[in-house]
Amino acid sequence: MSVTDARSTKGTTGAQGAGPGKEQERLDPYVVRDPQALTMNFARALENLGKAASAWIAPRERGEIDDPLADPMSQLVKSLGKVAEYWMANPQRTLAAQSMLLQELYGGWMQSMQKWGGQQAAAPMPAPNHDKRFADEDWQKNPFFDFLRQTYLIVSAWAERLVAEAEDLDPHTRHKAAFYVRQMTAALSPANFVATNPQLFRELVSTDGANLVKGMKMLAEDLAAGQGNLKIRQTDSSKFEVGRNMAMTPGKVIAQNDLCEIIQYEPATDTVLKRPLLICPPWINKFYILDLNPQKSFIKWCVEQGHTVFVISWVNPDERHADMGWEAYIRDGIDFGLDTVEKVTGETEVNAIGYCVGGTLLAAALALHAREKRQRIASATLFTTQVDFTHAGDLKVFVDEEQLEDLDKRMKTAGYLDGSKMAQAFNMLRASELIWPYFVNNYLKGSEPMPFDLLYWNSDSTRMAAANHSFYLRNCYLNNTLSQGKMELGGKTLSLKDVTIPIYNLATKEDHIAPAQSVFLGSKAFGGDVRYVLSGSGHIAGVVNPPDKKKYQFWTNGAPVGEFEDWLKDAKETAGSWWPNWQTWIEAQDAERVPARKPGGGKLNAIGDAPGAYVLERV
């Protein structure tokens, strides 16, 4: 029975006692007015869908894309197969699981029938708070869509319970199974299909299917742009250009090697702090997250506070960088930056910042420097950085010996991991926010996404050099060697206890990549004073939070001792950005000032203007 058929049979009673006129008014948006136009647009949409299919098939037929066995679909089947084995091994367990589901589905059916008859009924499975997928009022007012929503929520919760209560599963398999159940339930939401989403159904009727024509055209374009892999557009990329309206802080590239460029920024004050500032960003993304635009730029703000700012801009690696591992990234990245800073300023004491995996690399470099009896960094600031990966979150789903062996084979062939693979993994961590809303908006509603600088940066992927990425995954996510004092670099075994310089360790409360609890635990691995600060929001917005925006908040509570929950319970909450708090901490280390320094300092010639050449290469 179609939605229109079902509604027309109830026209005299109406939902919740509405009269015939009111019922007809609510029915009108679902009634097809021009079947011929709808049919023609369906044909055009199918034609565009055929083009999308060709864009997907062609590179596979040419052998340009090899879908490996250890891709997420294979892991999903293996993990959920273990859950199914547990429940089917015992007939009583199987019966109990089935009975639980049927009972709850029956409750959902009865609730919808009561609503259909105009009665008030308590939902057996209320929608989660702030679930934007079900924001349209007809998800609850229309009995048909209400039943779909209830059924989906019931089955999703049931599937999650099956994983949680599968007692014989080892923790890693349970973690993978729970993750992939969430991926499945996010994909199978009735909000993701035209016939089961009231808003999409109304869109289809009001445009006579023109939304699907445009949406399937965009799908074909995105598959072509991804060279056979779906590269969902999350923003209007035409509105942004690095160096034109992004990464605009004035500066010069003053040094360059095969792995990175070193950028020094123009001073904005007459005097500057004597200690220069060297920023080590992640190579998994590009450095201009810290220089998105003049209103959001942490780099510009630091310059305005009187820092002489240097930034490492990593190369977007290719097969030439295949054998460059973590030691190379320290020697030719961080150490190269320190050498450049000393040549320009004459300073041997530097304040350093590391962001995400750039912070993990910085921590390893500090431990290596300590073993080599050379201390060039006087203070370190870590943004959303893990050094202990015990509580590393859902990214651990992708890391076990089987998957890493397969990944090593793939990277050995090319010399690197394609940037789209990491982008896919990060998007899967928040599929309900970063995948399916855009799938619905772009391909089913046929709407272009809005311009958003952060999402443009997020789509500006980078490749990962094979040796570097393999070392990172094995030593951090798989074996957690850095926090245990077992990581080996430069012929030395590293210990973070040797790192005794002051550290400002920033975590963010809603971080899904470097969970706040994980950053807290890692703070205890260092041998010196660590100031743990917790910012509101997540991995990016919690860091890129200019003071004049007056958004979010941060918490402080001294040293990170005891349990994270206890630290947070007694922490002091301060409204707004953590940036001024960090500046006060930096000046407490050394507030001495000297005349402002120009890029190159008269000792190094500028190679080019900021943001440099390496950051412009796209994949």
Side-chain angles (χ1 to χ4, degrees), residues 1-8 10 15 23 25-35 37-39 41-42 44-46 48-49 52 105 108-109 111-112 115-116 123 125-157 159 182-219 222 230 232-234 427 430-450:
M1 181 182 290
S2 70
V3 175
T4 53
D5 291 339
R7 292 299 296 269
S8 63
K10 303 302 293 181
E23 182 66 12
E25 181 182 331
R26 293 180 56 196
L27 175 63
D28 283 345
Y30 297 98
V31 176
V32 175
R33 303 298 182 188
D34 191 343
L38 181 63
T39 301
N41 281 329
F42 272 156
R44 295 189 184 101
L46 285 173
N48 288 335
L49 182 60
L105 287 175
W109 170 258
Q111 188 267 349
S112 294
K115 185 173 288 188
W116 192 281
M125 182 60 66
N129 291 333
H130 312 299
D131 192 334
K132 295 180 181 179
R133 297 175 298 176
F134 304 117
D136 190 281
E137 64 176 12
D138 271 4
W139 281 114
Q140 296 191 46
K141 290 186 176 180
N142 184 304
F144 173 77
F145 293 114
D146 177 63
F147 176 67
L148 290 176
R149 178 181 65 90
Q150 291 288 350
T151 300
Y152 167 74
L153 293 173
I154 288 168
V155 174
S156 299
R182 291 197 298 273
Q183 297 304 308
M184 289 180 61
T185 56
L188 296 175
S189 167
N192 298 340
F193 303 92
V194 173
T196 57
N197 181 326
Q199 188 179 19
L200 292 177
F201 200 109
R202 295 194 302 267
E203 188 80 18
L204 177 75
V205 170
S206 67
T207 66
D208 293 319
N211 58 314
L212 291 182
V213 178
K214 184 177 180 182
M216 294 304 100
K217 180 176 181 289
M218 292 170 64
L219 177 63
D222 289 354
L230 182 56
I232 300 178
R233 66 186 83 178
Q234 297 175 322
N427 285 340
R430 296 167 59 196
S432 292
E433 298 173 46
L434 294 177
I435 297 178
W436 296 110
Y438 297 99
F439 179 90
V440 169
N441 183 75
N442 298 359
Y443 309 137
L444 302 184
K445 290 181 69 177
S447 299
E448 292 277 357
M450 298 292 290

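Everything numeric here is computed off the predicted structure, so don't read it as measured data.
Of the inter-residue distances, the one linking M450 atom CE with N441 atom CG reads 10.0 Å to the nearest 0.5 angstrom. Residue L188 holds its CG atom at 11.0 Å from CD of Q183, rounded to the nearest 0.5 Å. The NZ atom of K214 sits 6.5 Å away from atom OG of S447, with the distance rounded to the nearest 0.5 Å.
The backbone N or O of A191 sits nowhere less than 3.5 Å from a side-chain atom of R133 that would complete a donor-acceptor pair. Remark: side-chain polar atoms of T185 are paired, donor with acceptor, to backbone N or O of R182 under 3.5 angstrom. With hydrogens and angles disregarded, a donor-acceptor distance shorter than 3.5 Å links the side chain of N192 to the backbone of A186. A donor-acceptor pair is defined here as one N or O able to donate and one able to accept, closer than 3.5 Å; no such pair exists between the side chain of Y30 and the backbone of V205. In this structure, the side chain of N41 engages the main chain of D208 through a donor-acceptor pair within 3.5 Å. Under a 3.5 Å cut-off, the side chain of N211 and the backbone N or O of L444 do form a donor-acceptor pair. Looking at N427, its side chain never comes within 3.5 Å of a backbone N or O of L434 through a donor-acceptor pair.
Looking only at side-chain heavy atoms (C-beta outward), F134 and S189 come within less than 4.5 Å of each other. The side-chain heavy atoms of T207 and L212, taken from C-beta on, include no pair separated by under 4.5 Å. Using a 4.5 Å heavy-atom cutoff, the side chains of I232 and N442 are in contact.
Under the salt bridge (Lys or Arg N to Asp or Glu O under 4.0 Å) criterion, R44 pairs with no residue, sequence neighbours left out. Every residue meeting the salt bridge (Lys or Arg N to Asp or Glu O under 4.0 Å) condition with R233, not counting sequence neighbours, appears here in chain and number order: E221, D222, E448. In this structure V155 satisfies the side-chain contact (heavy atoms from CB on, under 4.5 Å) test together with L101, L105, T151, sequence neighbours excluded.
When each of W139, Y152, W109 is tested with F147 by the rule ring-ring contact (aromatic ring centres under 6.0 Å, His included), just one qualifies, namely W109.
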Query - F201 vs N142, side-chain contact (heavy atoms from CB on, under 4.5 Å): CA-CA, chis, key distance, verdict - result: CA-CA 13 Å; F201 200 109; N142 184 304; over 6 Å; no
Query - Derivation and outcome, side-chain contact (heavy atoms from CB on, under 4.5 Å), residues L204 and V32 - result: CA-CA 9 Å; L204 177 75; V32 175; over 6 Å; no
Query raised in the report: Are L200 and F193 close enough, and set up right, to give a side-chain contact (heavy atoms from CB on, under 4.5 Å), and what steps lead you there?
Result: CA-CA 8 Å; L200 292 177; F193 303 92; over 6 Å; no
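Heavy atoms only, all atoms of each residue included: P449 and M218 are closest at CD-CE, 4.4 Å. When every heavy atom of N197 is checked against every heavy atom of Q199, the shortest pair comes out as OD1-N, 2.9 Å. Taking all atoms of both residues into account, the shortest heavy-atom contact from D138 to P198 is CB-CB, 3.9 Å. Between P29 and R202, the closest heavy-atom pair is CB-CD, 3.6 Å.
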